2 protein chains.
Amino acid sequence: MTDRTAEAPSSATLSSTLVGRLRNAIMRGDLMPGTRLNLDRMRASFGVSLSPLREALCRLENDGLVTIVDQRGYRVTPVSAENLAEVIRLRVELEGMALREAIQHGDIAWEGRILAALHQLNRCKRSARSSIEEQEVWELAHRAFHAELIAACRMPLLQQFCATLHDQSDRYRRIFLKTHTPDRNVAEEHAAIADAVIKRRVREASAILRAHIERTGRNIQTALDHGLCST
Amino acid sequence: MTDRTAEAPSSATLSSTLVGRLRNAIMRGDLMPGTRLNLDRMRASFGVSLSPLREALCRLENDGLVTIVDQRGYRVTPVSAENLAEVIRLRVELEGMALREAIQHGDIAWEGRILAALHQLNRCKRSARSSIEEQEVWELAHRAFHAELIAACRMPLLQQFCATLHDQSDRYRRIFLKTHTPDRNVAEEHAAIADAVIKRRVREASAILRAHIERTGRNIQTALDHGLCST
DNA sequence: GCGCCCCCAATCATCGATTATTTTTGAATC
DNA sequence: GATTCAAAAATAATCGATGATTGGGGGCGC
């Protein structure tokens, strides 16, 4: 899986950097779900040749952000209420499993990293009037916090699945809750999860995480229903 | 995800057919874990250009059969006891979840398809003296049976995860249990699963499936430990 | 003799052009 | 007016060649 946090520092191949750029464009909704991705035009607008572009799109297909049909090109993966429901459901199950494992295996240093990630996240301003850059920083910190929660689970494949699902879930949130100001105190929820995790309260932690994910899911689902009706 | 059953009938792009050929080569152990995949030599031996080759390898990376390192080429994903353990663990959890959902949602036609798949599977001869082709047919039927069990779960993403994990698990089995004659009556286990599923006995079905997966896992793990020591 | 640096061969990454496929368009027919 | 077929335009897939990057081996200084 491509690293989402570090922006390809040294040994970055052109394809890899493209993956990052395209991922951001899709996640933030610059490229809306269902959009056809014309190769020639993309080649022109990104200033690259077809080979790295194809490779980047192929890698994004793995993350479920792009859909390929042989001989018929690429498009941004469409959205649907059913797909969102499945993403949320799987996030609950898989992140829950990962969290339980992490609590079982994590050491003190891991607890420290969770607190650090939480602190970093809380330092991000996030309101309706935040600049794009500020929001972007919050997204990164938010992603990092959730990743850290399950980082100690010793199951790399599972972490990868969770990352993929989180990507897809974030895309929905960022597109359909774009105008939606945070209605609930998300920061408190994060703090509660971190607290329960560090106190090694397995049941409590996974219950809060589940609620956290499902609440977000319901909010998106509502917005999605309205959005799809009006379109 | 690429279709594993149909061998790219009509609108097959060169890359797609390559994916199938390479997947088979890796799954059956012609290309052993860890092998470096030299692009030039492969280009020559498959008689294609670099573009479709790269694309095929990229798609196989998604399935976890090939590992890419920027600027340093491709290699067949290595194996390890830890990885195998995680694959088995995740198969148990995810296929279990999928099976429970399928039992809940499946209709009569689905039951019929399960029985059909089981029948097809039982008609395959499988012994130490089977020809390669016969073994290949069994592998396909086996895969189809397991896929059918969870086909009614209404969770396409979950099915995809299961398919990926099954691929990885099958690779281990086919490489490390190559000489190993089936020690137990696998056919009976399959019949028992199908029976429990059709009788809608959720707990019983998932318990048998779990045992089925874990037993195979233990056998592979044993062979793997010996194999890795002797190498 | 040992370690470091630079150069060369091998190999991966990228490009621009060519070929094959799909989609559109437009004219002829029913 | 709708339908069907064929040619043309658009677009995707593939190729062969060119431009980077890496890793190994010989030469130089210490």
Side-chain angles (χ1 to χ4, degrees), chain A residues 1-3 6-23 25-26 31-62 64-78, chain B residues 1-3 6-23 25-26 31-63 65-78:
Chain A
M1 177 122 318
T2 318
D3 191 348
E7 267 307 317
S10 55
S11 74
T13 183
L14 197 40
S15 312
S16 306
T17 53
L18 260 185
V19 171
R21 292 215 275 167
L22 282 169
R23 190 202 307 282
I26 294 174
L31 295 169
M32 285 299 277
T35 310
R36 280 203 67 203
L37 296 170
N38 183 296
L39 289 175
D40 264 340
R41 274 185 286 259
M42 297 190 81
R43 187 190 55 68
S45 72
F46 283 102
V48 298
S49 187
L50 255 51
S51 326
L53 187 56
R54 281 179 144 278
E55 189 159 332
L57 289 169
C58 178
R59 291 200 207 171
L60 286 171
E61 197 201 14
N62 308 345
L65 298 177
V66 165
T67 305
I68 308 185
V69 182
D70 268 8
Q71 312 278 31
R72 220 164 297 184
Y74 304 74
R75 63 176 53 222
V76 181
T77 302
Chain B
M1 178 125 316
T2 318
D3 192 349
E7 265 308 316
S10 55
S11 73
T13 183
L14 195 42
S15 311
S16 305
T17 54
L18 261 185
V19 171
R21 293 214 275 166
L22 282 170
R23 169 181 282 127
I26 294 175
L31 294 170
M32 286 297 279
T35 310
R36 279 205 67 201
L37 297 171
N38 182 297
L39 289 176
D40 266 338
R41 274 186 286 260
M42 299 190 80
R43 186 189 55 69
S45 71
F46 283 101
V48 298
S49 187
L50 255 49
S51 326
L53 187 57
R54 280 179 145 278
E55 189 159 332
L57 289 169
C58 178
R59 291 199 208 172
L60 286 170
E61 196 201 14
N62 309 343
D63 298 350
L65 298 177
V66 164
T67 305
I68 307 184
V69 182
D70 270 6
Q71 312 279 29
R72 218 165 301 181
Y74 304 74
R75 60 177 54 222
V76 181
T77 303

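Remember, it's a predicted structure, so these values are computed and weren't measured experimentally. Labels below follow one simple rule: chain letters A, B, ... track the order of the sequence lines, proteins then strands, and each chain is numbered from 1.
Side-chain contact check for A:Arg59 versus A:Ser15: some heavy-atom pair is nearer than 4.5 Å. The shortest side-chain heavy-atom distance between A:Thr77 and A:Ile26 does not fall under the 4.5 Å cut-off. Residues A:Pro78 and A:Thr67 are in side-chain contact: their nearest non-hydrogen atoms beyond the backbone lie under 4.5 Å apart.
Mapped onto DNA chain D by nearest heavy atom, A:Leu39 and A:Ser51 fall at different nucleotides, with A:Leu39 at the one closer to the 5' end. Two residues, B:Gly73 and A:Arg36, neighbour DNA chain C, and the one matched to the more 5' nucleotide by heavy-atom proximity is B:Gly73.
Between A:Tyr74 atom OH and D:dT11 atom C1' there is a gap of 12 Å when expressed in whole angstrom units. For the pair A:Leu53 CG and C:dG16 P, the computed distance is 13 Å after rounding to whole Å. Here the P atom of nucleotide C:dC12 and the CG atom of A:Leu14 are 18 Å apart, to the nearest Å. C:dC12 atom P lies 12 Å from atom CD of A:Glu55, rounded to whole Å. Remark: C1' of C:dT14 and CG of A:Leu18 are 11 Å apart, rounded to the nearest angstrom. Residue A:Asp70 contributes atom CG, which lies 13 Å from atom P of C:dT23 at whole-angstrom precision. Atom CG of B:Asp40 is separated from atom C1' of D:dC15 by 14 Å (rounded to the nearest Å). Residue A:Asn38 contributes atom CG, which lies 9 Å from atom C1' of D:dA10 at whole-angstrom precision.
Interatomic distance, B:Arg36 CZ to B:Arg72 CZ, rounded to the nearest 0.5 Å: 9.5 Å.
For C:dC12, neither phosphate oxygen OP1 nor OP2 lies less than 4.0 angstrom from any side-chain nitrogen or oxygen of A:Thr13. Note on B:Arg72: a side-chain N or O is less than 4.0 Å away from OP1 or OP2 of D:dG23. OP1 or OP2 of D:dT11 sits under 4.0 Å from a side-chain N or O of A:Arg41. Remark: B:Ser15 is in phosphate contact with D:dT14, judged by side-chain N or O atoms under 4.0 Å from OP1 or OP2.
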Practice item. Could you go through the side-chain contact (heavy atoms from CB on, under 4.5 Å) check for A:Arg23 and A:Leu60 one step at a time? Key: CA-CA 7 Å; A:Arg23 190 202 307 282; A:Leu60 286 171; 4.0 Å; yes

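In this structure, the nucleotide among D:dT14, C:dC15, D:dA17 sitting nearest to the side chain of A:Leu50 is D:dT14. Side chain of B:Ser49, nearest nucleotide from C:dT14, D:dG16, C:dC12: D:dG16. Checked against D:dA13, C:dT14, C:dC15, the side chain of A:Arg54 finds its nearest nucleotide in D:dA13.
Nucleic acid contact class of A:Leu37 (heavy atoms, under 4.0 Å, all strands): sugar-phosphate only.
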